[in-house]
Structures are given as structure tokens and as C-alpha cells.
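Proteins come first, then strands; the chains are lettered A, B, ... in the order of their sequence lines, and each starts at number 1. We use all heavy atoms of the structure for the numbers below, so side chains are in, but hydrogens, waters and symmetry mates are not. The structure displayed is predicted, hence computed values, not measured ones.
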Number of protein chains: 2
Amino acid sequence: MTSDRSDPPRSAPGRVTSHDVAARAGVSQPTVSRVFSSDPKVSPDLAKRVRRAADELGYRPNRLARSLITGRSRTIGLVLAYLDNPFYAEAIAHLSTALEARGYHIMVRIASNLAEEVDGVVDDMVDHQVDGIILASVSMSNALTGRLRDAKIPFVLFNRGQEDLSLATVTSANFDGGRRAAHFLAAGGHTRIAHVSGWQKSLNGRDRQAGFLAGLADNGLEPLDTIDSHYSRDIAAAATRELFKGSFRPDAIFAGNDHMAFAVIETLRYGLKLNVPGDVSVVGYDDVAMASWPSFDLTTLRQPARRMAESASTLLIDLIAGQAPDRNRIEIDSELIVRSSARIPPGWKRSHKPDNPRQKAATPTSRRPK
Amino acid sequence: MTSDRSDPPRSAPGRVTSHDVAARAGVSQPTVSRVFSSDPKVSPDLAKRVRRAADELGYRPNRLARSLITGRSRTIGLVLAYLDNPFYAEAIAHLSTALEARGYHIMVRIASNLAEEVDGVVDDMVDHQVDGIILASVSMSNALTGRLRDAKIPFVLFNRGQEDLSLATVTSANFDGGRRAAHFLAAGGHTRIAHVSGWQKSLNGRDRQAGFLAGLADNGLEPLDTIDSHYSRDIAAAATRELFKGSFRPDAIFAGNDHMAFAVIETLRYGLKLNVPGDVSVVGYDDVAMASWPSFDLTTLRQPARRMAESASTLLIDLIAGQAPDRNRIEIDSELIVRSSARIPPGWKRSHKPDNPRQKAATPTSRRPK
DNA sequence: TTGGTCTGAGAATACGTATTCTCATGGAAT
DNA sequence: ATTCCATGAGAATACGTATTCTCAGACCAA
């Protein structure tokens, strides 16, 4: 006999709580709670009775109430700056999958890179009691960093390093990737190599550029020019036109990411009537899905979005659990994917296309009329 | 003198509650609550004192606790099936913005179109007490529909109609769009027109196809063929090859969305060595950002993602508020954007390019070394 | 048989806020 | 001056669950 008997269900109809289940199963509310938090300290037969009652009533635990008392919402906030770059769409998908597998949910917000806007968004997430935050491609103000520290909310920077070594970050090996791009172009015999770079106020952009310059230096080369194009299609296109204004024209361009590389290629082809890779070789960074499309067939450095998402998730969960991870700055190697947008040096081979199982299964259903 | 004085703050350090604020301001906890829910029934000077105390302590209301008692989480769930189609990336961004402006937050989940998986994802969201759900491009099982009805959780289908007229949906005018595609191609003098269609188990796909067929019929034409290509790039490519196997080849193809149209164009160009639009005209549906890229310069029907997102948000909020909206099936007109991937009939003009203000501001910073 | 440990489940409480209830105060109306 | 209502704020309670505390009974050893 429980105290629930005297409480008529006064809440919204259809809203069934652990008390209702308890009443029907003839047990106390804590017992119901124990069953649903898989607390071992409940006898098998009682547990069965509770589960049956729950099923009959269609009970599902209210995660808000649970979160309120445990202090953990099992929600993590995801802040994104760009969504026109498809790399981040892939990132969302992989992060969502990875975190879901770990029992977490994602709250997404788009914020421009203005520090002020990011701050507001993050504050909002804090109010929602997120357990942790992933900031993809957004910069952090020092004020914000401090506030998150105070609030003891762990966060991970995804694809955006930061000078501050105490911040947890997951990136690809940007310096190394930039260097390998340079080596590849140098091996291809290019000598007038320009860089349409990522935003130089982001560490990603700087590291790729620094690696690229180092790679050129390894081969006794200097860049023809480097132009900060802010990860923007339009600016990258303008930069490309700029590069070809003078008489000393590039024979190769390394772009700070694929998104800009596409703009570079199109400006070369359709604006300047040049041939890629005949006249100019182009190399990108990311290997988004479109990079393998025949229109671009872009040679690029693959950032493994899935592995990066896995790493970021694991890292963040560790931080939430209070475990100091072995490393809080994770760099994933990026692989050079050789396609046809850049001259292939002797001895190098085109990367084989990944076989797509769906393609074989593609048996479209056709109907010829009549 | 309040009862708070006797309660030492025993919760996690840094966790400041309305009780703490109350104690410091010398008022009761309900008064603090009233100030932060902008309840008018609190005198100005007290309110000021409370706000000051809150600022000094860095207090921010716990939205979980608030939600628990109000029964409204101000969170809405967003379920997506595809993210490789950039239309949905745009949709996320616009939905996020629109709902944020209305004071809501978004919980995102990717679910394949398997009914079972969608059900699980939605159940999960219900547990999280979302106030409403937007299902983008995913189908609903009848069981799920019923359960959401029972749980009294409103939902809106975004870009995916449903036969059941009682379900709230926001789509573009798919039938009309399909018909206009047909009219355009017919006006261009094409006679052997094929359709690489969207998934025929989705109403979107069927409506576009039906409109397309009606539009051909308006011109006394019949389709050369229609092939269900499931919104898949690979299947669309296979379908295109299939269409060109025989001797009676299409002179125009209408694709069920841009994502497939790109695959069609590339298969024509790089697989079949045909010219677009010289040999074959191609029309798409969506007008994603890439459609305006010079590589494709795709003639297509623009689904205004922003307006659709606004409508879906408004509709859902109305449903949550319990107001029966005037219409629960919203169709947004889609505009034909004439570019160069399809022959332009006499008398028609290419749609002017939207002027991009950023392009003018693009003054890349260059540095020539040395 | 008695004492002690262990097990399982109910009672009580906590989480942080919103809301209802209650009541003191003060001004207006008579 | 007395009654009445409006106003504003504190006391009490609720939201739905997890957790701590408590205790009855079972079981074993002596």
C-alpha cells in the first residue's frame, strides 16, 4: 500500500508518471525509479511487475525531471559558424551519430563568428544546462572561456585550434597537411605556386599556410603569393582573379579548403578560360563529398570528419566525466587524395575511387509509358 | 527575514540559484522568480534590488527547472533524413534562426528513412519533453502519428507531404512546380522529355512527377520515360545511363531535385560525352546554392528554404499554443529560375543573378613575399 | 535461540523554479 | 473613523524523478 493511492492523477491527462506506474504495480515510486535507472537493487519479479505496469500505461521517464536532480542533462551544445561549407554538414551528421551512441543529445545553434553572438549563444546553452559544448569553426573570446571555466562546463573546439594550449581541440594535422600539399605541387614540377588561404585569424588557416610555406621551403621554393580569403567563395574567386592580373602568373594554387578550391577552379575555367590542371593545378583541403564529383575531381587533403567527430565526442565525454584525458589537443592525420585537378607527378598514382556499394544496388525502376 | 537564511548553500559551488539571489537581496525566492519571469506584480525598487543581487552573483535561471514546472521546454525536435542534399543544410540554418527568434531551441537528430528508426528518434525526443517536432523529409508511420497525437505533441512535416490531410505540412507547390518545368521544356521545343524522379513513395516525388506529366499533357506530350531515382545521386546517374542506352534518346531531363540534377548533368557530360544544354537540357528542383555555380548553372525551381522555414515555425508554434491555424497544409510557390542548363525558349529571359553585396566588399589581403 | 550482517523496498527529501494561497498594508470610499 | 478592495510580497506547494535514510525481514553463525 503506497501513499499514491490517495493522489488522484491531477496532471495533464495522458501524462503518466512514475507514481502512476507505482500505484498500478503496487510498489513505491522509488522502486519504479530504480527499475528504470537499472539499479540492481530490485528483485527480478518486482522489476517485471513494474515493467509490465509501465508498458500498460505507456510510461516513459521524464528526462527533464531526471536531469534536474542528477544535474546532468545528457545534452551537449553544438555551435556552428558556417553551414554553406558542406564539411560542417558532414560534421553535424557524424557528431550527432557519435554522441547519440554515447547517450547524448545535441542542441544546435548557428552563430556568426562575431564574438558577441557566440557569447550569447553559449550563455543560452549554459542556461539549458548542457553538459558540454562543441564549438565547430567558431572562435572563443577570452571572456567566454573564463565563464565556461567558472561554470565548469567542458568544451571542445572542433576544427578550430586555439593558441591557448589548455583548451581542448580536435583538428586535422593542418601544418603537416599544408606541407604535403606543397610537396605534391613541387613534385609536380610547379614553381609559381600561390596560396588562397583560409582565414588568417583562425589557427587552422595559419597552420595550413605555415605548413605550406615550410613545404615549399623544403623544396627551395617561395610562394608566388598568399591571399587571405576568409574561407569565402566570393573572396576566393576575387583572389584568383587578382592572382592572374599581372604577367607573372601562378601555375598552381593551393586553397585553404575545398569550398574555396571549387571557387578557384570555376574562376579559372569560366572566368579566365584556363584549363585545370592543364594550365593551373589546384589542390584543396577537406575532401568533402563534392570533391569527388567529376566536375571538380579535386586533389585534396582529406579531413576524416567521422574520426574527428568520434575523437571530439570521446574527448568531451571524458572531460564531462571529470577524467583528465591523456591529450587535450588531438590532431588527426589527413590523407592526400590524388585526383585530377592537379598534375600528377611521375611516380604518384591517382587514389583509387572508393567503391560505393549502393551504386551496384542501383536498379532504377523505369516505366516507359504505354 | 526569509527562510533562506538558515539554508547554507550546499549545492555545487558556482551553482547559484534563485534562493541565493533571494537571500542576498533580502527577499523571498518567489519574488526572484517573478522578476525573472517579468511578472508585473513586483515593485520597481525591489525588482532593481533583485537584479543587482543577481548580477553580482552571476545568477541565471535554470531552464530545466523552469520547464519541469511549466511543462513547456521551449525546445523543438528536428528530425532529418538526408544531409548530403545541401537543401537540408540550408533548412537547418533557417529553421534554427526562425525558431530561435521565437524563443525556442532545436534538438537535431539524423534518422534514416526507416520507419523503425524514426520512431525511436521521435520517442527519444518525446522523453526530452520537446514542445513540438519538425520532421524534414522523413516519412511517418501511422503508429507514430497516433502516439504523437496521444502525447499531444504537435508536429509539422517539412518538405514532405503526407496523404493524411489532418497532418500539418509545409512544402513548396510541387505539382505546380513540376508542371512549370514541363511547360518550360516544352516551350523550348523539346519533345523527348524524361523524368529522373524523386522517390515515388514520398508525396513530394509523386506530386512533382504528376505535375510534370500534367504539364506535358498540356502541350500534347508524353514523357519519354520516368525513373524513380530515390533522391539518390548514384541512382540518378544510373538512370541517366539507362535513358541513353536505346536509340530513342531524350533531349531533355527533368530531375526531381537539384542534387540528382547535378548527377544527371555530370553523367551526361563526363560519362556520355554529351553537351548540356546543347544535346540535352536539364532542369532541377530546389535551387540550392550550388545550382548557381558556373559548373552547373542549373535551371531549376526555387524552393524558398527561408520562407518555408518561417512558415513551418509559425505553424508549429501556433499548434503548440493550441490555436488551430487557419491552414495546416502550407504550400509555398516555387519560382522558376532560368539559367543555362536548359535551352531558353524564345521570349524567355535568363533570371538575373542576385547581386551579392559581399562580392563587392571582397578585397583580399595579398602579400607578395619580399 | 540470539545476535549480527545483508538484502530489498518504502518513507522522506532534494533538485530549482513557478504558481497558488494567504495575508499585511495602505488608500479610497462611505 | 470604519469598511472595502487593490496591491505586493511571503509561505506553501507542485513539477517528476533520484537518492539518502530507515527499517523489516531473511539468513547465517555461534
Side-chain angles (χ1 to χ4, degrees), chain A residues 1-12 14-23 25-50 54 57 59-74 126-129, chain B residues 1-12 14-23 25-50 54 57 59-74 126-129:
Chain A
M1 185 172 312
T2 78
S3 68
D4 298 280
R5 175 158 315 170
S6 54
D7 301 350
R10 65 223 157 294
S11 37
R15 188 117 236 75
V16 34
T17 76
S18 59
H19 286 92
D20 302 329
V21 176
V27 300
S28 69
Q29 177 269 326
T31 299
V32 177
S33 167
R34 286 192 258 258
V35 169
F36 278 87
S37 45
S38 53
D39 187 318
K41 311 199 115 205
V42 53
S43 66
D45 52 337
L46 256 200
K48 210 191 304 170
R49 240 166 67 209
V50 168
L57 265 49
Y59 168 74
R60 316 213 67 198
N62 181 331
R63 305 196 55 153
L64 246 50
R66 178 177 286 185
S67 295
L68 180 58
I69 191 164
T70 60
R72 321 205 299 110
S73 63
R74 298 197 80 82
V126 173
D127 293 351
H128 269 272
Q129 314 296 115
Chain B
M1 185 171 315
T2 77
S3 68
D4 297 281
R5 176 160 313 176
S6 54
D7 301 349
R10 67 224 156 292
S11 36
R15 188 116 236 76
V16 35
T17 76
S18 59
H19 285 93
D20 301 329
V21 176
V27 300
S28 70
Q29 176 270 326
T31 298
V32 177
S33 168
R34 285 192 259 259
V35 169
F36 278 88
S37 45
S38 52
D39 187 319
K41 310 199 118 205
V42 53
S43 66
D45 50 338
L46 255 200
K48 210 191 303 169
R49 241 166 64 209
V50 168
L57 266 48
Y59 168 73
R60 314 213 69 198
N62 181 332
R63 304 197 55 154
L64 246 49
R66 177 178 288 185
S67 296
L68 180 58
I69 192 164
T70 60
R72 321 204 301 106
S73 63
R74 297 197 80 82
V126 173
D127 294 351
H128 270 272
Q129 313 297 115

Nearest to side-chain heavy atoms of B:I69, which nucleotide of C:dA18, C:dC15, C:dA11:
C:dA18
B:T70 side chain to B:R66 backbone, donor-acceptor under 3.5 Å:
yes
Nearest whole angstrom, please: distance from the C1' of C:dT7 to the CG of A:D45.
13 Å
OP1 or OP2 of C:dG8 sitting under 4.0 Å from any side-chain N/O of A:S43?
no
Can a donor-acceptor pair be found, under 3.5 Å and without considering hydrogens, that links the side chain of A:S73 to the backbone of A:Q129?
yes
A:L64 has an atom CG; how far is it from atom C1' of C:dT17, in whole Å?
12 Å
Taking CZ from A:R66 and C1' from C:dG16, how many angstroms apart are they, rounded to a whole number?
18 Å
Atom pair distance, as rounded to whole Å: NE2 in B:H19 and P in D:dA11:
11 Å
Would you mind reading off the distance between A:N62 atom CG and D:dA14 atom C1', rounded to a whole angstrom?
14 Å
Please answer whether the main-chain N or O of B:D127 pairs with a side-chain N or O of A:R63 as donor and acceptor at a distance below 3.5 Å.
no
Could you state the atom-to-atom distance from CG of A:D20 to C1' of D:dT17 in whole Å?
13 Å
Base D:dG16 paired with A:R63 side chain (donor-acceptor, <3.5 Å)
no
Of the listed nucleotides (C:dT19, C:dT17, D:dT19), which one gets closest to any side-chain atom of B:T70?
C:dT19
Double-helix bend of the helix from C:dT1-D:dA30 to C:dT30-D:dA1, axes at both ends from 5 pairs, round to 10°, gives 50°
From CZ of B:R49 over to C1' of D:dA9, roughly how many Å is that when rounded to an integer?
11 Å
Please identify which of these residues, B:T31, B:V50, B:V35, B:V27, meets the side-chain contact (heavy atoms from CB on, under 4.5 Å) condition with B:V21.
B:V50
B:T31, nearest nucleotide to its side chain (from D:dT20, C:dG16, D:dG10):
D:dG10
Nearest to the B:P61 side chain among C:dT17, C:dG10, D:dG16, which nucleotide is it?
C:dT17
Nearest to the side chain of B:Q29 - D:dA9, C:dA18, D:dT19?
C:dA18
Is there a side-chain contact between B:S18 and the phosphate of C:dT17, meaning an N or O under 4.0 Å from OP1 or OP2?
yes
Applying a 4.0 Å non-hydrogen cut-off, can you work out what B:L46 is touching in the nucleic acid: base, sugar-phosphate, or nothing?
sugar-phosphate
Is any side-chain nitrogen or oxygen of B:S28 closer than 4.0 Å to OP1 or OP2 of D:dG10?
yes
Is any side-chain heavy atom of A:V126 closer than 4.5 Å to a side-chain heavy atom of B:R60?
no
Report the distance from atom NE2 of A:H128 to atom OG of A:S67, rounding to the nearest 0.5 Å.
12.5 Å
Look up atom OH in A:Y59 and atom CG in A:D20, then write down how far apart they are to the nearest 0.5 Å.
9.5 Å
Nearest non-hydrogen partners of A:V42 and A:A47, listed with the distance
CG2-N, 4.3 Å
5′-ward residue of the pair A:P44/A:P30 relative to DNA chain C:
A:P44
A:L68 has an atom CG; how far is it from atom C1' of C:dA14, in whole Å?
9 Å
Describe the nucleic acid contact of A:V32 in one word from base, sugar-phosphate, nothing, applying a heavy-atom distance below 4.0 Å.
nothing
B:T17 has its side chain closest, among C:dG16, D:dA9, C:dA9, to C:dG16
